[in-house]
Amino acid sequence: QVPLVESGGGLVQPGESLRLSCAASERASSVNTWGWFRQPPGKEREFVAAIRRGDGATNYAGAVKGRFTVSRDRTKNTAHLQMNSLKPDDTGVYYCAATSSSWIVGSMWRAEGYESWGQGTQVTVSS
């Protein structure tokens, strides 16, 4: 497992943007796939987006496709989630995840495929 530190959550109004970041500390070179998940209030955790470190291949949940963009910085061993046009339904605790596995795009959504998790950051979208 690799320690992960998240940042960037907060309270915004509908239509605004937020950028989440996730930094891996030691042994970061072992991260080959980054994932983002969220847990809305009173609901189960759900997949948001993921990116493969090597070639940048991505996967997005349908609810965020076209509004969210996942990226990674290989030199800084960080991943980011740019969230635009935020909606109240986007409210929840957002978790960064990482794995040494280089998942195929079709498997990136599986939470059990990630062995390292961040502490979570709260995102609230409300007017």
Side-chain angles (χ1 to χ4, degrees):
Q1 295 187 357
V2 177
L4 303 175
V5 178
E6 299 179 45
S7 61
L11 170 64
V12 296
Q13 295 187 346
E16 294 186 339
S17 299
L18 275 176
R19 186 173 187 250
L20 305 183
S21 295
C22 179
S25 56
E26 60 200 68
R27 295 182 291 138
S29 61
S30 66
V31 175
N32 285 308
T33 305
W34 297 88
W36 289 94
F37 294 77
R38 67 187 181 188
Q39 186 164 16
K43 297 183 179 180
E44 297 292 316
R45 182 177 56 188
E46 60 187 28
F47 170 73
V48 176
I51 186 168
R52 197 157 57 208
R53 178 178 178 269
D55 61 3
T58 58
N59 191 357
Y60 292 93
V64 307
K65 195 171 294 185
R67 300 187 297 121
F68 290 13
T69 302
V70 60
S71 62
R72 88 277 186 241
D73 185 331
R74 287 180 289 180
T75 61
K76 296 182 180 179
N77 300 314
T78 58
H80 307 281
L81 184 67
Q82 177 67 41
M83 305 185 293
N84 298 330
S85 303
L86 283 161
K87 306 174 181 180
D89 284 349
D90 295 318
T91 294
V93 178
Y94 282 68
Y95 297 92
C96 168
T99 175
S100 58
S101 300
S102 187
W103 291 120
I104 60 172
V105 171
S107 295
M108 290 180 177
W109 63 272
R110 299 173 61 89
E112 57 267 34
Y114 298 85
E115 61 266 15
S116 300
W117 291 82
Q119 78 282 6
T121 185
Q122 178 69 44
V123 171
T124 303
V125 185
S126 175
S127 55

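Heavy-atom basis, side chains included; hydrogens, waters and symmetry copies ignored.
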Please report the interatomic distance [atom1]([X]) to [atom2]([Y]), rounded to the nearest 0.5 Å.
X: E112; Y: S107; atom1: CD; atom2: OG; value: 9.5 Å
X: E16; Y: S127; atom1: CD; atom2: OG; value: 10.5 Å
X: T78; Y: D73; atom1: OG1; atom2: CG; value: 4.5 Å
X: R72; Y: T58; atom1: CZ; atom2: OG1; value: 10.0 Å
X: L18; Y: N84; atom1: CG; atom2: CG; value: 9.5 Å
X: L86; Y: F68; atom1: CG; atom2: CZ; value: 5.0 Å

Looking only at non-hydrogen atoms, find the nearest pair between [X] and [Y] and report the distance.
X: C96; Y: E6; answer: N-OE2, 3.0 Å
X: A49; Y: L81; answer: CB-CD1, 4.1 Å
X: V5; Y: Q119; answer: CA-OE1, 4.0 Å
X: A24; Y: V2; answer: CB-CG1, 3.8 Å
X: Y94; Y: R38; answer: OH-NH1, 2.9 Å

Between D90 and M83, is any pair of side-chain heavy atoms under 4.5 Å apart? no

Please verify the inter-ring angle class for F37 with Y114; under 30° counts as parallel, over 60° as perpendicular, anything in between as tilted. perpendicular

With sequence neighbours excluded, tell me which residues meet ring pair (Phe, Tyr, Trp, His ring centres under 6.0 Å) with W109.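 Listed in chain order: nothing, the list is empty.
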
Any chain of hydrophobic side-chain contacts (each under 4.5 Å) joining [X] to [Y]?
X: V31; Y: W36; answer: yes
X: M108; Y: L4; answer: no
X: W34; Y: V64; answer: yes
X: V123; Y: Y95; answer: no

Taking CH2 in W117 as the centre, count heavy atoms belonging to other residues, nucleotides or ligands within less than 6.0 Å. Is the count above 12?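 Yes, enclosed.
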
Using distance alone, with no hydrogens and no angle criterion, decide if S100 and E115 have a side-chain donor and acceptor under 3.5 Å apart.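 Yes - a donor-acceptor pair under 3.5 Å links their side chains.
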
Any donor-acceptor N/O pair, [X] side chain to [Y] backbone, under 3.5 Å:
X: T99; Y: S101; value: yes
X: Y60; Y: R67; value: no
X: T33; Y: W103; value: yes
X: T91; Y: V125; value: yes
X: Q122; Y: G9; value: no
X: R52; Y: A57; value: no

Go through the steps to decide whether S17 and Q82 satisfy the test side-chain contact (heavy atoms from CB on, under 4.5 Å), and finish with yes or no. CA-CA 7 Å; S17 299; Q82 177 67 41; 3.9 Å; yes

